[in-house]
Amino acid sequence: MIPAIRGTHDILPGEVERWQRAEDISRRLFERYGYAEVRTPIIEREELFAKGTGETTDIVQKEMYAFTDKGGERVTLRPEATPSLVRAFVEHALEQRMAAPKVYLFGPMFRYERPQKGRYRQFHQLDVEVFGMADPAIDAEVVDLAWALVAALGIVGAELVVNSVGCPACRPAFAAALVAALGADVSRLCRDCQRRAQTNPLRIFDCKVPADQPVIDALPHSLDFLCDGCRTHFAAVERHLGMYGIPYRVSHRLVRGLDYYTRTTFEILAGGIGAQNALLGGGRYDGLFRQLGGPDRTGIGFAAGLERLVLAMPEPRRSERRRPLFVAYMGEAARDAALALLRDLRRAELEAHMEYEGRSLKAQMKRADRLRAAFTLILGEEELAAGEVSVKDMATGGQRRVRREAVVEECRALVNGGRE
RNA sequence: GUGGGUAUAGCUCAGUGGCAGAGCGCCGGACUGUGGCUCCGGAAGUCGCGGGUUCGAACCCCGUUACCCACCCCA
């Protein structure tokens, strides 16, 4: 057999129901907040992410599924959604056409990384973006939406962390201050931190090596280096979050990996998703539109990993599972009658199953049990002769005869009435 | 890209040099038309792959691939 590609995975019955549930809940929530779905191509020009996500990021430098297509074009499987959504928004002038510049997207993303728990090469994100709204109240709305999402999925014990990373006006000074504060201590840090000090000093805050922590704890905080505009903006975001009653923690150590973030950044953290702890992350990216050659518009949004959400979601309650019907028959004469009944049940919007292999009634009952059928409808020679159907309640074992003409309506009442 | 672990039935796993195993699941039976519980029977294996050592290898050695976990990175 030919196996699946490394880092990809099949989502099978038994697990796919959790995915469907996560997607249904998120979709309903996003629509309620005024967001509209957009579906963009999985394949894009490599340039979109080189310029958007950032030339210096690991994603672009070593994780993209990029190649030259048969027309000589440099293309890539998308590693994230934000640049695609910005592109689509500009390309189709959605600013003019949409009721509100708020979009969401579900779909697979691709990064060539070493797979581990909660991290795959083909993974799935849900993505929410608001374009052209600079008001700090919208930052708070997006954070509120993210928090509401986690709650709606039933995930408990999650933590919301917020920070501001400043803007091109104030961040360079902060980065310089970091390097200056490190000074000679750089040599005492781990090899990764020494590299970060060169390439992207802010990311030193991500370090998990215990020995490095005393040095990192003594480093200056981004919040102390914000320019007036960024400081005012962040204060307003905090005021709105407080007003909404959202429990959050400000952490100066929250620095995000993508180049385009400005001002507000946030993450929601949870346990049980392997070495990873970020369920979702996002922030403001006010320079991205221009970076991509578009008009000067602001942006803010977040992306959540579906695999991680599903991992963190609680087991569905038993009563939430479906309870279908099962049609059993005995003897060739009853087969056609059973097929007709099966079809009638389905036409009446009831979930109904049948065993086609002509096996013993015992085997059919076993199948009904496996399918967790609420009721089994039995058609044998006796029933056929009487123009009736035997209806067996699988929970109690009780059984009674119902007229064939009335059985579909009867089943509708039974199934709907028995729903918790 | 780096490090560690694992690979045996559909699933979870036992088996440290001498006949390939268990539990669960699957199929059948214990009433000629009744599921779950119990009992009986059955089917099911390239012991990841390639090489080596040995009278003999699932087991020891070398190589290789995949998966898992962690680093890194990030959702």
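A, B, ... follow the sequence lines: proteins, then strands. Residue 1 opens every chain.
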Walk me through it: do A:R78 and A:T40 pass the test side chain to side chain donor-acceptor pair (under 3.5 Å)? CA-CA 10 Å; A:R78 62 183 181 197; A:T40 66; 3.3 Å; yes

Step by step, work out the side chain to side chain donor-acceptor pair (under 3.5 Å) result for A:E355 and A:H353. CA-CA 7 Å; A:E355 175 83 59; A:H353 304 261; over 6 Å; no

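Tested against A:K102, the residues A:E31, A:E141, A:E37 include a single salt bridge (Lys or Arg N to Asp or Glu O under 4.0 Å) partner, A:E141. When each of A:I378, A:V389, A:V402 is paired with A:E383, the side chain to side chain contact (heavy atoms under 4.5 Å, CB included) condition holds for A:I378 and for no other.
Contacts of A:A303 with the nucleic acid, taken as non-hydrogen atoms under 4.0 Å apart, involve only primed sugar atoms and P, OP1 or OP2. No engagement by A:Q61 is indicated, since no non-hydrogen atom pair under 4.0 Å with the nucleic acid exists. Counting non-hydrogen atoms under 4.0 angstrom, A:G282 reaches nothing in the nucleic acid. When heavy atoms are screened at a 4.0 angstrom cut-off, A:E307 is found touching no nucleic acid atom at all. Looking at heavy-atom distances under 4.0 Å, A:K392 makes contact with a base. Note on A:R191: nothing from the nucleic acid sits closer than 4.0 angstrom, heavy atoms only. Looking at heavy-atom distances under 4.0 Å, A:G398 makes no contact with the nucleic acid at all. Residue A:L306 is classed as having no contact, given no heavy-atom separation below 4.0 Å to the nucleic acid. Residue A:L361 is in base contact, counting any heavy-atom pair closer than 4.0 Å across all strands shown. Heavy atoms of A:E381 sit under 4.0 angstrom from at least one base atom.
Across all strands shown, B:U6 is found opposite B:A66 as a Watson-Crick or G-U wobble partner, with both distances under 3.5 Å. Remark: B:C73 base-pairs with no nucleotide in the shown strands. Criterion, Watson-Crick or G-U wobble with two distances under 3.5 Å. Base pairing of B:A22 is made with B:U12, judged by Watson-Crick or G-U wobble geometry with both donor-acceptor distances under 3.5 Å. B:G28: Watson-Crick or G-U partner is B:C40, with both key distances under 3.5 Å. Nucleotide B:G35 is matched to nothing when pairs are restricted to Watson-Crick or G-U wobble geometry with both distances under 3.5 angstrom. Across all strands shown, B:U54 has no partner, as no Watson-Crick or G-U wobble contact with both distances under 3.5 Å is found.
A gap of 11 Å separates the P atoms of B:C40 and B:C24, to the nearest Å. Rounded to whole Å, the separation between the C1' atoms of B:A58 and B:G4 comes to 23 Å. Using P as the reference atom, B:C73 and B:U65 are 26 Å apart when rounded to the nearest Å. For the P atom pair drawn from B:A43 and B:G21, the interatomic distance equals 13 Å after rounding to whole Å. Between B:C67 and B:C27, the distance separating the two P atoms is 32 Å to the nearest Å. As rounded to the nearest Å, B:C59 and B:A14 have C1' atoms that lie 13 Å from one another. When the P atom is used for both B:G33 and B:G28, the distance is 13 Å, rounded to whole Å. Nucleotides B:A57 and B:G51, compared at atom P, are 13 Å apart to the nearest Å.
To the nearest angstrom, C1' of B:A75 lies 19 Å from OH of A:Y104. The CD atom of A:Q194 sits 20 Å away from the P atom of B:C71 (whole-angstrom rounding). B:C71 atom C1' lies 8 Å from atom NZ of A:K208, rounded to whole Å. Here B:A75 presents its P atom at 13 Å from CD1 of A:I268, a figure rounded to the nearest Å. Residue A:R114 contributes atom CZ, which lies 14 Å from atom P of B:G5 at whole-angstrom precision. Here the C1' atom of nucleotide B:C27 and the CZ atom of A:R367 are 10 Å apart, to the nearest Å. The nearest whole Å value for the distance from the CG atom in A:L309 to the P atom in B:A75 is 13 Å. Rounded to a whole Å, the CE atom of A:M365 is 17 Å from the P atom of B:C31.
An OP1 or OP2 oxygen of B:G35 is reached within less than 4.0 angstrom by no side-chain nitrogen or oxygen of A:R359. Between A:K362 and B:U34, a side-chain N or O to OP1/OP2 separation shorter than 4.0 Å is absent. In this model, the phosphate group of B:C72 is not approached by any side-chain N or O of A:R119 to a distance below 4.0 Å at OP1 or OP2.
Looking at A:R45 and A:D69, no side-chain N of the basic residue comes within less than 4.0 Å of a carboxylate O on the acidic one, giving no salt bridge. With salt bridges taken as basic N to acidic carboxylate O contacts below 4.0 Å, one links A:R404 and A:D344.
Minimum heavy-atom separation, A:P101 to A:F89: CB-CZ, 3.7 Å. Contact detail for A:D369 and A:M394: the closest heavy-atom pair is N-CE, 4.2 Å.
In this structure, the nucleotide among B:C73, B:G28, B:G35 sitting nearest to the side chain of A:A363 is B:G28. Closest to the side chain of A:K117, out of B:C69, B:A75, B:C72, is B:C69. Nearest to the side chain of A:R370, among B:C26, B:C69, B:A75, sits B:C26. Nearest to the side-chain atoms of A:L258 among the listed nucleotides B:A75, B:C73, B:G33 stands B:A75. Listed nucleotides: B:G33, B:G35, B:A75. Nearest to the side chain of A:M394: B:G35. For A:I378, counting side-chain heavy atoms from C-beta on, the closest listed nucleotide (B:A75, B:C68, B:U34) is B:U34.
Within residues 120-127 of chain A, the residues having any heavy atom under 4.0 Å from RNA chain B are, by residue number, A:Y120, A:F123, A:Q125.
Remark: the A:E63 side chain and the B:C72 base include no donor-acceptor N/O pair separated by less than 3.5 Å. If you check distances only, the side chain of A:D369 never reaches the base of B:G36 with a donor-acceptor pair under 3.5 Å.
If you check the side chains of A:E129 and A:Y285, you find a donor sitting under 3.5 Å from an acceptor.
Nucleotides of RNA chain B nearest to A:G305 and A:M330 differ in position, and the one nearer the 5' end is that of A:M330. Each of A:Y112 and A:Q399 was assigned the nucleotide of RNA chain B with the nearest heavy atom; the assignment lying further toward the 5' end belongs to A:Y112.
In this structure, A:R121 forms a cation-pi arrangement with A:Y112, its terminal cationic atom sitting closer than 6.0 Å to the ring centre and no more than 45° off the ring axis.
Using bins of under 30°, 30° to 60° and over 60° for the plane-to-plane angle, the ring pair A:F174/A:F205 lands in the parallel bin.
For an aromatic pair to be called close, the ring centres must be under 6.0 Å apart, and A:F30 with A:Y104 satisfies this.
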